[in-house]
Each structure stands twice: as C-alpha cells, then as structure tokens.
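The block underneath contains the structure these notes are about, expressed in structure tokens.
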Number of protein chains: 2
Amino acid sequence: MTGPKWQQIADKLRASIADGTRAPGSQLPTEADLVTKWAVSRPTARQALTALANEGLITSRPPRGWFVRERRPVYYRPQAEGHSVATSPEMDSFMGEHSAEGRQPRQDIEVAIVTPVPPVAQRLRLEPGEAAVVRRRVRYLDGEPFNLNDSYFPRDLVAGSEIMDPAEIARGANRVLAELGFRQERVLDEFHVRMPTPQEVSRLALAPGTPVAAHIATGVTAEGKPVRVVHNVLAGDRHVIVYERPMPPIENTESSDHE
Amino acid sequence: MTGPKWQQIADKLRASIADGTRAPGSQLPTEADLVTKWAVSRPTARQALTALANEGLITSRPPRGWFVRERRPVYYRPQAEGHSVATSPEMDSFMGEHSAEGRQPRQDIEVAIVTPVPPVAQRLRLEPGEAAVVRRRVRYLDGEPFNLNDSYFPRDLVAGSEIMDPAEIARGANRVLAELGFRQERVLDEFHVRMPTPQEVSRLALAPGTPVAAHIATGVTAEGKPVRVVHNVLAGDRHVIVYERPMPPIENTESSDHE
DNA sequence: GAGTGGTCTAGACCACGTA
DNA sequence: ACGTGGTCTAGACCACTCG
C-alpha cells in the first residue's frame, strides 16, 4: 500500500484491466461499491475513476456506471490512401488483425475559402493574409466519426476548378491538381501526438483520455512548390498508423545502433 | 456562461493559453485566486486546473503554482535513423524549426534474455515461450529522458554475438545482424497513439496529460523472415514523427479523393 | 421510484520549497 | 514562517435512465 488512496484504488483497477480480469466492455464496481470496499469518501473514489478515464482505460455511461473501454482500430496508411501500393506479405498478415472490413464508411464534405492557420500557411508558403481553398471532411465508420480531414490548396491554383465543389471527386483531388499542371512529386508527412482540443473532442466524439495524432501532409511538385497541405486529425484509439519502407544497403558509416 | 463552472473556468484559461495571452512558461493564477475570482470552492477550481493538466496544457510545480507548459519537440525520422538518407529542401527547411542541435544526447543500455510480450513475439513469429534477446535503452536529451527503445532479436540468431554486449555498437546492430547472414530488406513501421502506462510515465518522467506514440518497427530479410523488432515509446510532447515519400504516378483508377 | 454518475460546498491536515 | 499545491472528508442537490 503505497501512495495516496486514490492511486492505490486506481492501481488495483488498472492491474485488473491489464491482466484481463476485467474484460473490455465489462462494468466496474459502482462508486458506492468503491466507497464501502475501500472505506473512502466518494470524491476519493471518483478521483481514482477519473484518473483511469484520463488514461483512456475506462469510460462512464451514466446512469449505468463505469465500463472498461473497447478498442477497434483501423489501419491508416499514408502511402496507400487513394493509390494502389503493393503490400508485402507481412503487411497483409497484419491487416487481418483489425481491418476496416465490413464496416460502413461515410463522409461529410464542406468547402470554404479561408486564411489558413499559421502552420498550414507556412507549409503552403503563403504570404500573410493570402487565401486558400479548404475541403473539410469528417469521415465516419459505422456511424462513428473517426477522423477529420482538411485539405488546403492555394486559392490561385484551384479557383474555378472541380476542387471547389463540395462533392466527392471520383478521380481524386490529386488528379485534378495534376491536370491543372501541378502534379505532386513527393509528400512530406508529419505526425504530432497530443491531446485534442475541445473542438476536436466534440467533432470526433472523443472519450476523455483519448489522444490524437495530427497528420500534416505537404505535397510538392517537381519544382518544389507546395500545392497541397492536408491536415488530418486521427482519433488515437481508432487508428494504427502504418508505413512500409525498404532498408537501404548498409554502408561503411558511423553508428547506426540507433533505431 | 455555458456548462459546469469548472468547465467555464477551464475554457477561459484554455483560450488565454491558445491565443498567447498566457505565454508558455508563465504562471497561472493560484488556486486561491481562482476561488475568489470565480466565487467557487477550491475543489471546483482544482477540477478546472487538473482538466487542463490532463490536456497537457499546464503543469503544477509545487509549491510554486501552476504554469503553462513549454514544448521543444525533436524530429523523429524512422527512415533516417542510423542511415544516410537524403533530405529534400522542404525537409531541411522544417528541420531548423525545432531540431536537436546543440542538445546533449546520452543513452543507457541494458541487455536481457526474455520471453517477449505477445505483440513482439507475434511479429518475430516466435513459438510460445521462445526466448529473445532484448537491448533496452533509455535515451536522454539534455538530461531529460525522451524515448524508450527496446530492440528484440530471436535468441538463436544473435547468441554469442556482439549484440549481447550491453555497450554501444559503433557500426550498428543492423550491420552485425547482416554479418550474421540476416540482412534486413525492408521494415514495417506501426505507430499506436495512446496514453502511457504508469511505468512509462515514471521512466520517461512524463507530465500528466502527455500521450505517447508506440513505434513498432519489424525488420524482415529478403526471404520474409522477421529478425528484429524494435519497440519504441516516444514522449508525445517531445517528438514530431516525419516521413518523406514519393508520390506515385496517378493511374486511371477509382477514387483517390482520400488522403 | 430507485440508483447511477455529475457537480459542488466548506471545511481539514499534510509535505514541501522559498524567504 | 508562510504560501503553495496534494489529499481527503461528509455531506448536498441535480439529471438521467431503467424497471
């Protein structure tokens, strides 16, 4: 028995979740139960429960009680989305584990002309105040929102094109961009791992204690001109990010005892 | 004035942090201040503060008070670690932003023979109970731990080799593995975004509300044999994960309006 | 109506740095 | 010595859903 009482309670419950004693979806003791079992006041019992909720392990479903959370992540493959990219046998074997098969996708689209937030403007190399076209999407799986997808394009490039229609583009925005003379040659992906903003919490219906990955993809042409910045917010508990890469031949260089 | 009082307080403080009114590193009002300013009890004021702490925005430094957290992320490039990979001009321009330049790296190494946890055993295709060699490292920057790095190798492959020495391998574990006849041809990277376990919190000295990215890299030979699994835990607030990829030529295929 | 969690109060004592 | 946050108590009232 070490540490504050609320931590002892939380530790005990956490262990029983980790070792499978309490299965995903199962109900935890009620707050009243904990109060009597541990001889503490209700705020103390609640402190233990909210701590676990903030770790993403449990969630409350009033007025039913507290429950162990379940996870059903889908694979998120920046290299593959919208393109046909060969997958290796290893990758295929993983995909079965938790794939999106049999789940119903849906998306809402909205188009706007905006002055992008600084991180986006910087990556598009826009002058301060310069406008961009943004295609905002919320993507759903089985009716649950699971990622926010905002694609930005410099306004001059796409004005009057199909990209400004708030409808799905069957052949893809990238293709439209290429037809306009701005074929992307390479993409830079960045991932920021953080807790969500309140807006993200509500748009993604995130449970307390759910982190997000912000994926910022910058597409540039052969000339190095950035023509597209995608700002993607992924619910952490609903995604596994996957990349496949070749291992370069090992040269005679310094330490590679790193990774 | 909408929602519970503690949320109103949290919203107000969050907004002042977001818009820069409260700069990183600056001190927030004391709990006593909030109690009088908002006419609430201390637990209510504390609820607002701990909520912000769980979002990773603020942290308490007893007995000084509450402070806005600062961030100094470093770039994490799975493609480049230990290898010389050319960076594009775009990437270079980003690197200046927050790079690890001038910061002091250090690492602790420890080698053990273990039966890996299921996720690792599965990726190494080990039989149940089969042993593996693990090189555990904690990596520091400026004395702060910022990532946990556990590299697993099937025991049979590396028994008696240099890999079992708890010392840095100048030419790299990958090279040693290649010399043993197991050159990796490709690597599968997975990233899981989640809240840390208590062990990870203490090993990484994580502040409350700091998520982590678990990076699992599986290296396979040309024959498809997995010979190395790296389990990396990155402190979310200290890393930006970066990839660079070529954009494949656009074919005549269905929707690529995705990414 | 009974039971659940959500919110809130008004105190209390403690450990710990700073001055 | 003082002020800070950390912990804890013993209540209270509310909204909500379920049987």
Side-chain angles (χ1 to χ4, degrees), chain A residues 1-14 17 22 25-69 198 201-202 205-210, chain B residues 1-14 17 22 25-69 198 201-202 205-210:
Chain A
M1 53 185 198
T2 141
K5 289 191 199 175
W6 69 266
Q7 269 191 23
Q8 297 179 31
I9 302 175
D11 288 348
K12 202 80 174 183
L13 292 174
R14 190 188 297 105
I17 293 170
R22 299 187 182 281
S26 67
Q27 182 165 11
L28 292 140
T30 66
E31 298 184 359
D33 286 347
L34 292 176
V35 164
T36 63
K37 224 177 294 184
W38 289 80
V40 294
S41 68
R42 185 150 85 100
T44 303
R46 275 180 67 74
Q47 192 171 3
L49 292 168
T50 56
L52 293 178
N54 281 326
E55 294 173 21
L57 294 176
I58 67 176
T59 188
S60 81
R61 290 213 295 266
R64 304 282 309 285
W66 294 90
F67 293 82
V68 180
R69 281 180 60 183
V201 168
S202 76
L206 296 176
T210 305
Chain B
M1 54 187 202
T2 144
K5 290 191 199 173
W6 68 265
Q7 269 191 24
Q8 298 179 29
I9 301 175
D11 288 348
K12 203 79 174 186
L13 292 174
R14 189 188 296 105
I17 292 170
R22 299 188 183 281
S26 67
Q27 182 166 10
L28 292 139
T30 67
E31 298 184 359
D33 286 346
L34 292 176
V35 164
T36 62
K37 225 177 292 186
W38 289 80
V40 293
S41 68
R42 186 152 82 101
T44 303
R46 275 180 68 74
Q47 192 171 3
L49 293 168
T50 57
L52 294 177
N54 281 325
E55 292 173 22
L57 294 177
I58 67 176
T59 189
S60 81
R61 289 211 298 265
R64 305 283 308 284
W66 293 90
F67 294 82
V68 180
R69 281 180 61 184
V201 168
S202 75
L206 296 175
T210 306

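When distances run from any side-chain atom of R42(A) to the nucleotides dG3(C), dT9(D), dG6(C), the shortest one goes to dG6(C). Looking at the side chain of T30(A), the nearest of the listed nucleotides dG11(D), dG5(C), dT7(D) is dG5(C). Distances from the side chain of V40(B) to the nucleotides dT9(C), dG6(D), dC8(C) place dT9(C) closest. Of the candidate nucleotides dT7(D), dG11(C), dC8(C), dG11(C) has the atom lying nearest to any side-chain atom of P43(B). Minimum atom distance to the side chain of S60(A) is reached by dG6(C), of the listed dC8(D), dG6(C), dG6(D). If you check dG5(C), dC8(C), dT18(C) against the side chain of P62(A), the one that comes closest is dG5(C). Of the candidate nucleotides dT7(C), dT7(D), dG6(C), dT7(D) has the atom lying nearest to any side-chain atom of P4(A).
At dG6(C), one or more side-chain N or O atoms of R46(A) fall inside 4.0 Å of OP1 or OP2 (strictly under the cut-off). Phosphate contact (OP1/OP2 of dT7(D), side-chain N/O of T44(A), threshold under 4.0 Å): absent. Distances shown here put every side-chain N or O of S41(B) at or beyond 4.0 Å from the OP1 or OP2 atom of dG11(C).
Put simply, CZ on R61(A) is 18 Å from C1' on dA15(D), counting in whole angstrom units. Between the P atom of dA10(D) and the CD atom of E31(A) lies a distance of 17 Å, rounded to the nearest Å. We find that CD of Q47(B) is positioned 13 Å from C1' of dG5(C), with the value rounded to whole Å. Across the protein-nucleic acid pair, Q8(B) atom CD and dT7(C) atom C1' stand 12 Å apart, rounded to whole Å. As rounded to whole Å, 15 Å separates atom C1' of dT7(C) from atom CG of L49(A).
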